[in-house]
Amino acid sequence: MGSNSAKSPMSDEHKAALSKGRAEGRIVREYLEGLRASKPKRGRKRTPDTIAARLEKLEAELAVASPLDELMLVQERRNLSAELDAMSNTVDMAALEAAFVSVAKSYSDSKKISYQSWRDVGVGASVLKSAGIGRGD
């Protein structure tokens with residue numbers, strides 16, 4: 001049992017590769033989360049103006065609502081206010097996309113992610129082309 005139990009120090013190249021992988025992973029995750037958050041919802045698209053108009057109408061309905069209706073209207077008001085807040089925290093997809101394009105090829109190669117897998121999670125063909133990822137990848 002003369003084995004040396006001391007770990008050999010990590011090389012600078014290995015540390016740099018780990019750091020690069022973490023940075024690329026963060027950029028890819030933020031872009032994919034942005035795609036999901038900005039994905040169009042079904043139905044009529046609401047605007048801040050239509051939400052404000054509904055909130056105003058809702059206040060009038062609250063004044064004459066039964067206790068059960070009041071509960072439902074209070075919840076709707078809370079939901080609409082949260083939706084309005086979310087609209088004001090818009091995601092800068094252009095910046096996220098530019099960062100993604102700069103690392104996607106390297107990340108894709110290191111993780112062996114195919115073109116079709118990127119497409120399946122919603123990454124556009126033009127974005128992949130800009131990143132240098134083709135159908136054969």
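All of these numbers come straight from a predicted model, not from anything done at the bench.
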Original post:
Do Leu18 and Ile27 belong to the same hydrophobic cluster, where Ile, Leu, Val, Met, Phe, Trp and Tyr are linked whenever their side-chain heavy atoms lie under 4.5 Å apart, directly or via other members?
Top reply: no

Subject >> Sequence-distant partners of Asp120, side-chain hydrogen bond (donor to acceptor under 3.5 Å, both in side chains), two or more places apart >> reply: Gln116

**OP:** For Arg77, enumerate each residue passing the side-chain hydrogen bond (donor to acceptor under 3.5 Å, both in side chains) test, keeping only those at least two apart in sequence or located in another chain.
**Re:** Glu59

Subject >> Audit row: Leu35, Met93, side-chain contact (heavy atoms from CB on, under 4.5 Å) steps and yes/no >> reply: CA-CA 8 Å; Leu35 277 180; Met93 282 307 295; 3.8 Å; yes

**OP:** Return the set of residues passing side-chain hydrogen bond (donor to acceptor under 3.5 Å, both in side chains) with Ser114 (not counting sequence neighbours), or none when no residue passes.
**Re:** Ser117

**OP:** Calculate, to the nearest 0.5 Å, the distance between atoms CD and CG belonging to Glu97 and Asp92 respectively.
**Re:** 10.5 Å

Show me the donor-acceptor pairs within less than 3.5 Å that the side chains of residues 68-75 make with the rest of the protein, sequence neighbours left out.
residue, atom, partner, partner atom, Å
Asp69, OD2, Ser66, OG, 3.3
Gln75, NE2, Asn79, OD1, 2.8

Subject >> Any donor-acceptor pair under 3.5 Å from Ser106 side chain to Val103 backbone >> reply: no

Subject >> Pairs touching residues 18-29 that satisfy salt bridge (Lys or Arg N to Asp or Glu O under 4.0 Å), sequence neighbours left out >> reply: Lys20-Glu24, Arg26-Glu30, Arg29-Glu33

Original post:
Which distance, rounded to the nearest 0.5 Å, do you find between the CD1 of Ile133 and the OG of Ser108?
Top reply: 4.0 Å

Original post:
CZ of Arg54 to CD of Glu83: how many Å apart, nearest 0.5 Å?
Top reply: 12.5 Å

Subject >> Listed partners of Ser126 passing side-chain contact (heavy atoms from CB on, under 4.5 Å), at least two apart >> reply: none

**OP:** Search all heavy atoms of Tyr115 against all heavy atoms of Ala125 and return the closest pair with its distance.
**Re:** OH-CB, 3.4 Å

Original post:
Any idea how Phe100 and Tyr31 line up, ring-wise: parallel (<30°), tilted (30 to 60°), or perpendicular (>60°)?
Top reply: parallel

Original post:
If Ile, Leu, Val, Met, Phe, Trp and Tyr residues are connected whenever their side-chain heavy atoms lie under 4.5 Å apart, and connections chain through other members, are Leu55 and Val64 in the same group?
Top reply: no

**OP:** Please answer whether the main-chain N or O of Tyr107 pairs with a side-chain N or O of Ser110 as donor and acceptor at a distance below 3.5 Å.
**Re:** yes

Original post:
Linking I/L/V/M/F/W/Y whenever their side-chain heavy atoms sit closer than 4.5 Å, directly or via other members, would Leu80 and Leu62 fall into one cluster?
Top reply: yes

